[in-house]
Amino acid sequence: MELGKPARGLPCPGLAKKGIPGSRPSLAPPSLGGGGLPAMWRRGLQAQALAACLPLRGSGSRGSATVSVSPASGLADRPARVRAEGLRPGEAVSLRGLVAASEGEDEGEPGGSLFASCGHYQADAEGRVDASREPSLGGDFEGLEPMGLFWSLAPAPTERPFRRLEPRRCRPLRVELSLHRGHLPPASLVAPGPALAQAQAERRFSLPGGVRRVRLREGALRGTLFLPREKEGNGPFPGVIDMFGDEGGLIEFRSSLLATHGFAALSLPYFNYEDLPKVMGDFHLEYFEQAARFLLHHPKVKGPGIGVVGTGKGAELASSMMTFLPEVVAAVCISGCSSITASALHYGEMTLPGLRFNMNRVTISEDGVFDIYEALDDPRDPANLQCRIPVEKAEGHFLFVVGEDDRYWKSSLYADIAIGSLRQHGKDNFKLLRYPGAGHQINPSFTPVCLVALDHILGVPILGGGERKAHAHAQEHSWGQILEFLHFHLR
């Protein structure tokens, strides 16, 4: 997306304001403009928060209270069971999660950021809490949410808001789980007194020895190829190209998870990485064609075709690859558009111009959150029909995944437009997954939900939309459907 970057603190002509609810309060003094605490203060509070997780022995009336997570180290897209024992019957307690993300694991400044979550529980008659059986009574989530402590992780009050805990690489996330007496306020970082007990959960994007990671520098291609390592046999494996949106760069975590599920997965950047263009300009489908042919002809990849998974701009490119490249036989399009957007797409002598964004249709909340839902030109306007991706030419199968509360753009409408084009040409080579209450960035199961995120290019928070619990459920269901779709059509 090529939008002008507004100067911080200056009015933007033509931009209205409206409130955006649901943001976590910040402890930043007004003089800092909501930008977070100075690094020295923040490090001190982070140290206090982590120190508060040290277990206090012998604090329960029935013996030492304990908290455990099983498995202690497991795949990030698989559930874990959190339990506490040794409490008084009916005792009110809080379970809290903390992640001190290192550089590269989040979108913060060097040195990392702290992310926190909290759930309120009541011990049963045996003095136990099992998050898979007991509902959370409050905190950052409510109801029976066994993985709530993981998907509700959000920037702690000491941090700048609107940061996404999304590892661009595939290092494990280490979550400190702690047990506290009473019901802590959701925005509280440092609990009153030490924790009753503490445990650590390691959320991995591959199991030890389960995936081989190969850096790719093949002609103009850049990226990372993830190959499964099976105890029995060495493939070949179904091949999948994995792409994200207009934030650019190399994002590997989903590709690594795909490889753990038996795919040869190529994480493919297309700008803002190594010697690729630094900013998003016009696209040439030949680059993606080269990637498809490289993957299909790799000795560890079986044919006769490959799949593509894309989110946002990546979904738009995935649809284009399915439409024009015979090597691609299955495409997962998550929160994509039915037309080319912002930058033109070239392929040989063909050019599809990009739909334009109009900044006069952007609104800004009192918290400085940009709502760009209405900014993109209408693809149904006859003047914009030349931007449409002619998906009816595709011979493979589509899986469209959309959130009905996507506020980044109208992905639900765009999926309907694409499906309408397929049906008009007598095709039923598609499946639609539509999720009420889900927003834009639909990631694999149990990924921390971020409904407003800082844009890498603009440097401002963009509203993705959705409600946290509904979005988390959409991620869990859609990820299983995506894996099933790819295995079926690439078998």
Side-chain angles (χ1 to χ4, degrees), residues 75-78 170 205-207 210-212 223-230 233 235-245 251-268 288 291-298 300-312 314-323 325-336 391 394-402 415 418-419 422 427-435 442-447 474-491:
L75 286 175
D77 65 347
R78 291 293 178 259
C170 46
F205 299 97
S206 66
L207 295 175
V211 169
R212 183 157 63 96
T224 306
L225 177 62
F226 292 88
L227 295 170
R229 284 179 173 167
E230 292 188 345
F237 310 102
V240 177
I241 292 175
D242 183 32
M243 299 179 294
F244 279 84
I251 303 178
E252 299 179 328
F253 76 98
R254 189 167 63 190
S255 300
S256 184
L257 285 174
L258 285 168
T260 66
H261 292 284
F263 297 96
L266 172 58
S267 179
L268 183 68
F288 304 92
R293 290 176 176 175
F294 165 82
L295 187 60
L296 185 58
H297 294 113
H298 193 282
K300 294 291 186 180
V301 175
K302 70 177 182 179
I306 63 166
V308 183
V309 179
T311 297
E316 172 188 319
L317 293 168
S319 291
S320 302
M321 293 172 71
M322 262 279 286
T323 298
L325 304 182
E327 294 85 357
V328 179
V329 300
V332 178
C333 304
I334 306 169
S335 305
V391 292
E395 296 299 328
H397 288 79
F398 290 96
L399 176 61
F400 298 102
V401 182
V402 297
I419 288 172
L422 293 169
K427 294 195 170 185
D428 60 357
N429 56 337
F430 64 88
K431 181 177 180 179
L432 172 64
L433 299 178
R434 193 193 302 270
Y435 296 99
I442 300 177
N443 279 330
S445 304
F446 315 126
T447 302
Q475 292 191 150
E476 182 177 359
H477 181 265
S478 64
W479 182 239
Q481 294 293 301
I482 289 168
L483 295 175
E484 181 179 316
F485 173 85
L486 291 171
H487 276 299
F488 181 81
H489 290 290
L490 301 178
R491 65 187 187 279

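A quick note: this is a predicted structure, and the numbers were derived from the prediction, not measured.
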Assign the ring pair [X] / [Y] to parallel, tilted or perpendicular, where the plane angle (0 to 90°) is split at 30° and 60°.
X: His477; Y: Tyr435; value: perpendicular
X: Phe400; Y: Phe398; value: parallel
X: Phe205; Y: Phe253; value: perpendicular

Do [X] and [Y] come close enough that some side-chain heavy atom pair is under 4.5 Å?
X: Pro236; Y: Lys300; result: no
X: Asp242; Y: Ile251; result: no
X: Val308; Y: Val240; result: no
X: Leu227; Y: Val211; result: no
X: Lys427; Y: Glu395; result: yes
X: Trp479; Y: Leu257; result: yes
X: Ile419; Y: Val391; result: no
X: Ile482; Y: Ile334; result: yes

When rounded to the nearest 0.5 angstrom, what distance separates [atom1] in [X] from [atom2] in [Y]?
X: Glu316; Y: Ser335; atom1: CD; atom2: OG; value: 12.5 Å
X: His261; Y: Leu258; atom1: NE2; atom2: CG; value: 7.5 Å
X: Leu225; Y: Ser267; atom1: CG; atom2: OG; value: 10.0 Å
X: Leu268; Y: Leu317; atom1: CG; atom2: CG; value: 9.0 Å

Locate the shortest heavy-atom distance separating [X] from [Y]; write the atom from each residue and the value.
X: Val401; Y: Ser478; answer: CG1-CB, 4.0 Å
X: Leu207; Y: Thr260; answer: N-CG2, 4.4 Å
X: Leu490; Y: Ile306; answer: CD2-C, 3.6 Å
X: Val402; Y: Ala415; answer: CG1-CB, 3.9 Å
X: Met321; Y: Ala292; answer: CE-CB, 4.5 Å
X: Ala264; Y: Val301; answer: CB-CG2, 3.7 Å

Checklist entry - Checking Arg491 side chain against Phe488 main chain: does a donor-acceptor pair fall under 3.5 Å? => result yes
Checklist entry - Is the side chain of Ser256 donor-acceptor paired with the backbone N or O of Glu252 at a distance under 3.5 Å, no angle test? => result no
Can you give each donor-acceptor pair under 3.5 Å made by side-chain atoms of residues 325-333, sequence neighbours left out, with the distance rounded to 0.1 Å?
{"unit_1": "Glu327", "atom_1": "OE2", "unit_2": "Arg293", "atom_2": "NE", "d": "3.0"}

For [X] and [Y], which I'm curious about, is there any donor-acceptor pair between the side chains at under 3.5 Å?
X: Gln475; Y: Thr447; answer: no
X: Arg254; Y: Thr311; answer: yes
X: Ser445; Y: Asp77; answer: no

Checklist entry - Are Phe263 and His487 an aromatic pair by the rule of ring centers under 6.0 Å? => result yes
Next on the checklist: Show, in sequence, the C-alpha distance, side-chain angles and deciding distance for Asn429 and Leu422, and conclude whether the side chain to side chain contact (heavy atoms under 4.5 Å, CB included) test is met.
Outcome noted: CA-CA 8 Å; Asn429 56 337; Leu422 293 169; 3.7 Å; yes
Next on the checklist: Cation-pi check for Phe226 against Arg212: NZ or CZ below 6.0 Å from the six-membered ring centre and within 45 degrees of the axis, yes or no?
Outcome noted: no
Checklist entry - Would Leu433 and Leu399 count as a side chain to side chain contact (heavy atoms under 4.5 Å, CB included) if you check the C-alpha gap in whole Å, the side-chain angles of each, and the deciding distance to 0.1 Å? => result CA-CA 8 Å; Leu433 299 178; Leu399 176 61; 3.9 Å; yes
Checklist entry - Is it true that Lys431 and Glu484 make a salt bridge, defined as a side-chain N closer than 4.0 Å to a carboxylate O? => result no
